[in-house]
Enquirer: 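Would you mind keeping the following structure in view while I ask a few things?
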Amino acid sequence: MTTTLTDNAVTFSVTHNPNPASAEARAKILEDPGFGSYFTDHMVTVDWSAAEGWHDAKVVPYGPLQLDPAAAVLHYAQEIFEGLKAYRHADGTIGTFRPEENAKRLQSSARRLALPELPVEIFIESLKQIIAVDADWVPDGVGETSLYLRPFMIGTEAFLGVDAAKEVKYVLIASPAGPYFSGGVKPVDIWLSEDYSRAALGGTGEAKCGGNYAASLEPQQEAYANGCKQVLFLDAESHTYIDELGGMNIMFVFANGELVTPELSGSILHGITRKSILQLAESRGLTPVERRVSIDEWRDGVASGAIREVFACGTAAVINPLAELRSKTFTIPAAPDTAGEVTMGLRAALTDIQYGRAADPFGWVVPLNS
Ligand code: PLP
Ligand code: COI
């Protein structure tokens, strides 16, 4: 039977996993979850069809999806996703961070890939539903662990013509997470891709779609081969200005008190961590500036001391200091105050809000448990 969802009737059926992980097995995973390798006992699915709209919202045991081999996503990459985290607070609250922003970004990614927009209410309710069944999987927050939530949407219709999907599945899975980079929060070296672009104007750089990440894998391999943990992309037109990293935005701390980040030029993901840090910066006496930053400015700024610190930011990475930039033809050494006061101060301010250790003056934290 189909249960159609309307804005005021978002009901999920719940089927509990008959074989959940044992408390011991779960505790062992939560001790050192790493990033992205373990999954909780349940997942959420909601279907959409052009004929029925959003319907059949379910919480079901975590497990493989059944897809027709002709499903659109397998051929033309009709896939978009989000990433956010659930944090355990000392008072028992399980909070998440600015989920409406993720819901709205999923909608804008959907528009770009001609997928249907999931209503914000269904998105937020799906987060609450997974926490209702898998709350024990939210780590205790010691060592900055959290439950990473991965909502995604795929075109499921069996049709080999290239067209907007008429059948779609929204899925939410959850994965306990420690630091994104193995080795913890330490400055990482990054690789500048001179041969590849991540996104061009008019392309899909602003959408959080799987294809962008598939295209980043070859340059990411190059980064690993050169001892770097992330790859940096320049603008596709002039190969002069900094766009972003493969999975994070980038920020520069200047000696004059400016916190500078590349402007949203049309090919950069509108990072929610980026936006939040720009707001926090202002309240910490820094001057947030969004403008173009060239690779030459980075090189000269580090050499002259005008740039003091450089860091990456994103949900998975939080705030991570960056060290050396390497490329095939040159190297920019680490900025003089790498992992310095501003980077680490912003990091502490952000995570204190996320983990409920500090007041939340911006109203960013949304509780997911009742
Ligand atoms: N840029 C890219 C390419 C990303 O994949 C991410 C991660 O989601 C970000 C930036 C940071 O975005 P957010 O802070 O919303 O996680
Ligand atoms: C996130 O930060 O949530 C992302 O999706 C980035 C990815 C590199 C894990």
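As the structure lists them, so they are numbered: ligands from 1, and atoms in each ligand from 1. The first residue of the sequence shown is numbered 1, and numbering continues consecutively from there.
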Enquirer: State yes or no: do Leu368 and Leu106 share one hydrophobic cluster built from I, L, V, M, F, W and Y residues joined by side-chain heavy-atom distances below 4.5 Å, directly or via other members?
Expert: yes
Enquirer: Do the side chains of Met248 and Phe35 join up, straight or via other hydrophobic residues, at under 4.5 Å, putting them in one cluster?
Expert: yes
Enquirer: List the residues meeting salt bridge (Lys or Arg N to Asp or Glu O under 4.0 Å) with Arg292, not counting sequence neighbours, and say none if there are none.
Expert: none
Enquirer: Show me, pair by pair, the donor-acceptor contacts under 3.5 angstrom made by side chains of residues 57-72, not counting sequence neighbours?
Expert:
{"unit_1": "Asp68", "atom_1": "OD1", "unit_2": "Ala70", "atom_2": "N", "d": "2.8"}

Enquirer: Treating Ile, Leu, Val, Met, Phe, Trp and Tyr as nodes and any side-chain heavy-atom pair under 4.5 angstrom as an edge, say whether Leu113 and Met153 lie in one connected cluster.
Expert: yes
Enquirer: With a 4.0 Å cut-off on heavy atoms, does Arg150 reach ligand 2?
Expert: yes
Enquirer: Cluster question for you: counting only ILVMFWY and a side-chain heavy-atom cut-off of under 4.5 Å, with indirect links fine, are Tyr148 and Val44 together?
Expert: no
Enquirer: Quick test: of every protein heavy atom, which one is nearest to atom 2 (O) of ligand 2, and how far off is it to 0.1 Å?
Expert: Ala316 N, 2.8 Å
Enquirer: State the atoms of ligand 2, each with its element, that fall below the 4.0 Å cut-off from a heavy-atom position in Phe81.
Expert: 5 (O)
Enquirer: Just heavy atoms, cut-off under 4.0 Å: does Lys208 contact ligand 2 by side chain, backbone, both, or neither?
Expert: side chain
Enquirer: Is any heavy atom of the protein nearer than 4.0 Å to atom 7 (C) of ligand 2?
Expert: no
Enquirer: For Asp296 and Ser294, which I'm curious about, is there any donor-acceptor pair between the side chains at under 3.5 Å?
Expert: no
Enquirer: Find all atoms of ligand 2 within a distance of less than 4.0 Å from any non-hydrogen atom belonging to Thr315, and give their numbers and elements.
Expert: 2 (O), 3 (O)
Enquirer: Inspect the contact between Glu206 and Arg112 and indicate whether a charged nitrogen and a carboxylate oxygen are less than 4.0 angstrom apart.
Expert: no
Enquirer: Please give the N or O to N or O pairs under 3.5 Å between ligand 1 and the protein, distances rounded to 0.1 Å.
Expert:
{"unit_1": "ligand 1", "atom_1": "1 (N)", "unit_2": "Glu244", "atom_2": "OE1", "d": "2.5"}
{"unit_1": "ligand 1", "atom_1": "5 (O)", "unit_2": "Lys208", "atom_2": "NZ", "d": "3.2"}
{"unit_1": "ligand 1", "atom_1": "5 (O)", "unit_2": "Tyr213", "atom_2": "OH", "d": "2.4"}
{"unit_1": "ligand 1", "atom_1": "8 (O)", "unit_2": "Lys208", "atom_2": "NZ", "d": "2.8"}
{"unit_1": "ligand 1", "atom_1": "14 (O)", "unit_2": "Ile272", "atom_2": "N", "d": "3.2"}
{"unit_1": "ligand 1", "atom_1": "14 (O)", "unit_2": "Thr273", "atom_2": "N", "d": "2.8"}
{"unit_1": "ligand 1", "atom_1": "14 (O)", "unit_2": "Thr273", "atom_2": "OG1", "d": "2.5"}
{"unit_1": "ligand 1", "atom_1": "15 (O)", "unit_2": "Arg105", "atom_2": "NH1", "d": "2.8"}
{"unit_1": "ligand 1", "atom_1": "15 (O)", "unit_2": "Arg105", "atom_2": "NH2", "d": "3.1"}
{"unit_1": "ligand 1", "atom_1": "15 (O)", "unit_2": "Ile272", "atom_2": "N", "d": "2.8"}
{"unit_1": "ligand 1", "atom_1": "16 (O)", "unit_2": "Thr315", "atom_2": "N", "d": "2.9"}
{"unit_1": "ligand 1", "atom_1": "16 (O)", "unit_2": "Thr315", "atom_2": "OG1", "d": "2.6"}

Enquirer: For ligand 2, find out whether one of its N or O atoms is nearer than 3.5 Å to an N or O atom of Tyr148.
Expert: yes
Enquirer: Just jot down the ligand 2 atoms closer than 4.0 angstrom to any heavy atom of Tyr180, in number order.
Expert: 8 (C), 9 (C)
Enquirer: With atoms numbered from 1 as shown, which atoms in ligand 2 lie under 4.0 angstrom from a non-hydrogen atom of Gly83?
Expert: 3 (O)
Enquirer: Go through Glu222 and Trp191 one step at a time and tell me if the side chain to side chain donor-acceptor pair (under 3.5 Å) criterion holds.
Expert: CA-CA 8 Å; Glu222 222 177 61; Trp191 177 252; 2.7 Å; yes
Enquirer: Show me the donor-acceptor pairs, under 3.5 Å and distance only, between side chains in residues 254-261 and residues at least two apart or in other chains.
Expert:
{"unit_1": "Asn256", "atom_1": "OD1", "unit_2": "Glu258", "atom_2": "N", "d": "2.9"}
{"unit_1": "Thr261", "atom_1": "OG1", "unit_2": "Ile250", "atom_2": "O", "d": "2.6"}

